[in-house]
Structure formats: C-alpha cells, structure tokens
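Heads up: the structure comes next, in structure tokens.
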Amino acid sequence: QKEVEQDPGPLSVPEGAIVSLNCTYSNSAFQYFMWYRQYSRKGPELLMYTYSSGNKEDGRFTAQVDKSSKYISLFIRDSQPSDSATYLCAMSAISGTYKYIFGTGTRLKVLA
Amino acid sequence: DGGITQSPKYLFRKEGQNVTLSCEQNLNHDAMYWYRQDPGQGLRLIYYSQIVNDFQKGDIAEGYSVSREKKESFPLTVTSAQKNPTAFYLCASSPWTGSNQPQHFGDGTRLSIL
C-alpha cells in the first residue's frame with residue numbers, strides 16, 4: 001500500500017462547478033499538508049499549506065484536513081478553465097524532516 | 001523577481017554520456033532538492049542539500065551526482081550508470097529543511113534518450 005493515495009482522474013467538470021480533490025494517507029505521523037498545482041510542462045506551484053487538522057481558505061480554494069480519517073481535501077469554488085491542471089497533494093511529518101511524500105496527482109479539466 | 005531557474009528546458013542524452021542539469025535560486029534559501037517525476041508516480045527525491053558543501057542521498061540517488069559549491073546553485077549530473085534517465089526533473093528549494101518550510105519548485109528539465 002502506498003503511503004499516499006490520490007485518484008489520478010481525469011476529472012472533468014463544467015465551468016462554475018465546485019471541485020473536490022482528495023488524498024488518503026496511512027502514516028499517522030504526517031502533520032504538514034500541502035496542495036500544489038502543476039500545469040503541463042511546468043513545475044508544481046504551492047497553492048495551500050496547512051498544519052494538523054482543520055480548514056484553511058484562500059480565495060476560491062479551501063483545504064481541509066481530517067487526521068482521524070487520514071484524509072485531506074482541496075475544494076475549488078466557481079471553477080474556471082484556467083484551473084485545468086494536475087493537482088498534487090504532499091505531506092510531511094513533524095520531526096523536522098526534509099522528506100515530503102507526494103501523491104501521484106489528479107488531472108482536472110474545467111470545460112468552458 | 002525571486003525564483004528558481006532550471007536549464008535547459010529540454011535535454012537529450014546519448015548512450016554512455018553524462019549530462020548536467022542546472023538549478024539556480026535567488027530566494028536566499030538554504031535547502032535545495034532534486035526530484036524526478038515519472039507518469040503515474042509521485043515525485044521521488046534524488047538528492048537534497050541543507051547547506052553549502054553538504055548534500056545527502058534521497059530515495060533514488062543511484063546513477064546521479066550533485067554538488068553544492070554555492071548557496072544559489074545545485075547542479076545535478078545524470079551519469080551513464082543511470083539506465084532509465086528519461087523523466088521530468090524538478091529542482092526545489094526551501095528556507096531550510098524543516099517540515100514547516102514549504103518547498104518551491106522550478107519549471108523542470110525534460111530529459112530524453114537519443
């Protein structure tokens with residue numbers, strides 16, 4: 001079993017829809033959770049960064065962490081064609097380690 | 001503009017050849033990282049460096065080498081010993097290597113075999 005599982009998609013939604021992207025994980029030591037957006041032929045861009053459980057909102061994006069279920073989510077409200085990209089989750093333990101574990105990414109297509 | 005610059009964008013390697021990928025950052029970050037990205041797989045760590053003149057192997061270091069002679073620069077050499085080098089290579093940096101310091105990425109180098 002992989003430490004981090006992420007549905008590869010592709011996920012196709014109409015413009016304006018609410019998008020839910022998810023990752024599950026197995027290591028209860030993970031405390032830091034990141035979401036990156038990666039456009040084709042580009043590097044990942046940090047979207048959201050959260051510590052421990054709870055929600056964090058930034059504009060149209062909301063990151064949610066449920067440590068009891070080992071489940072994290074990224075919600076995108078009022079999705080736009082420019083949101084079409086691959087979304088990567090990443091997580092790290094609290095011990096000061098350099099080590100991030102990445103999901104394989106979910107490809108999202110927002111149709112105009 | 002602060003950021004991470006990777007060059008070249010595309011690189012081709014012949015059999016038996018070593019090639020070097022460049023990574024430069026002007027963010028004044030102490031820590032730098034090299035990852036490999038393959039289709040259907042998460043990013044895998046090749047090497048990382050916490051300070052100048054120091055670096056550590058990641059999960060898939062075999063067939064790769066690095067140097068860290070300057071804070072701004074962390075070049076990666078893909079040696080002939082790396083039998084499956086075709087991939088997208090990503091360089092990242094963070095202020096230091098603590099978990100609470102998110103990593104920021106360059107735009108990658110795509111390496112292919114001729």
Side-chain angles (χ1 to χ4, degrees), chain A residues 1-10 21 23-52 56 58 63 65 67 72 85-107, chain B residues 3-10 21 23 25 27 29-51 54-61 74 87-112:
Chain A
Q1 185 194 5
K2 289 182 179 177
E3 272 191 288
V4 176
E5 299 274 2
Q6 188 174 7
D7 189 327
L21 303 166
C23 287
T24 59
Y25 63 95
S26 57
N27 187 346
S28 58
F30 289 146
Q31 294 279 5
Y32 296 92
F33 303 92
M34 283 68 65
W35 284 97
Y36 287 87
R37 177 176 63 195
Q38 186 175 23
Y39 291 115
S40 183
R41 300 188 194 89
K42 294 286 193 179
E45 169 195 7
L46 182 67
L47 274 180
M48 299 290 281
Y49 172 73
T50 53
Y51 168 68
S52 196
K56 183 175 182 180
D58 184 1
V65 175
K67 290 191 68 187
I72 68 170
T86 297
Y87 290 80
L88 306 170
C89 64
M91 41 200 84
S92 182
I94 198 171
S95 61
T97 180
Y98 61 90
K99 194 175 175 85
Y100 279 23
I101 305 298
F102 286 85
T104 53
T106 298
R107 198 152 49 96
Chain B
I4 301 169
T5 302
Q6 290 189 242
S7 61
K9 202 169 176 66
Y10 299 96
L21 285 60
C23 177
Q25 54 99 358
L27 300 166
H29 285 173
D30 286 319
M32 297 186 74
Y33 313 80
W34 274 105
Y35 289 91
R36 171 179 171 140
Q37 187 175 33
D38 295 280
Q41 298 197 43
L43 275 66
R44 292 183 290 165
L45 184 67
I46 304 172
Y47 269 97
Y48 71 102
S49 168
Q50 295 174 289
I51 55 172
D54 182 67
F55 47 83
Q56 307 295 329
K57 291 182 180 180
D59 298 319
I60 55 164
F74 191 39
F88 191 46
Y89 290 87
L90 289 160
C91 178
S93 72
S94 64
W96 58 286
T97 52
S99 294
N100 60 344
Q101 300 292 320
Q103 297 176 18
H104 298 268
F105 287 84
D107 274 339
T109 293
R110 186 164 300 279
L111 175 63
S112 303

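Throughout, protein chains are lettered first and strands after them, A, B, ... in sequence-line order, and every chain is numbered starting at 1. Side chains are part of it too, since the values below use all heavy atoms of this structure and drop only hydrogens, waters and symmetry mates.
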query: Who passes ring-ring contact (aromatic ring centres under 6.0 Å, His included) against A:F33, sequence neighbours left out?
result: A:Y25

- line: Heavy atoms of A:Y36 and B:P102 approach each other most closely as OH-C, 4.5 Å

query: Is the shortest heavy-atom distance from the side chain of A:Q38 to the side chain of B:Q37 under 4.5 Å?
result: yes

query: Just wondering, do A:L46 and B:Q103 contact through their side chains at under 4.5 Å, heavy atoms?
result: no

message: Heavy-atom count check: over 12 atoms from other residues, nucleotides or ligands less than 6.0 Å from B:R44 CZ?
response: yes

- request: Take atom NZ of A:K67 as the centre, draw a 6.0 Å sphere, and report whether it contains more than 12 heavy atoms from other residues, nucleotides or ligands.
  value: yes

Using non-hydrogen atoms only, which part of [X] is less than 4.5 Å away from chain A: side chain, backbone, both, or neither?
| X | value |
| --- | --- |
| B:Y89 | neither |
| B:D38 | neither |
| B:L90 | side chain |

Atom pair OH (B:Y35) and OH (A:Y100), whose distance is rounded to the nearest 0.5 Å: 7.0 Å

statement: Output for pair (B:Q41 CD, A:K2 NZ), nearest 0.5 Å, gives 7.0 Å

message: For A:R41, is there an ion pair with B:D107 - N to carboxylate O distance below 4.0 angstrom?
response: no

- prompt: If you count heavy-atom pairs under 4.5 Å between each of A:G105, A:A90, A:G43 and chain B, which one has the most?
  reply: A:G43

Residue part contacting chain B, namely of A:P8, when any heavy atom lies under 4.5 Å: neither

message: Test of understanding: with side chain to side chain contact (heavy atoms under 4.5 Å, CB included), list the residues that count as partners of A:E3, not counting sequence neighbours.
response: A:S26, A:N27, A:F30, A:I101

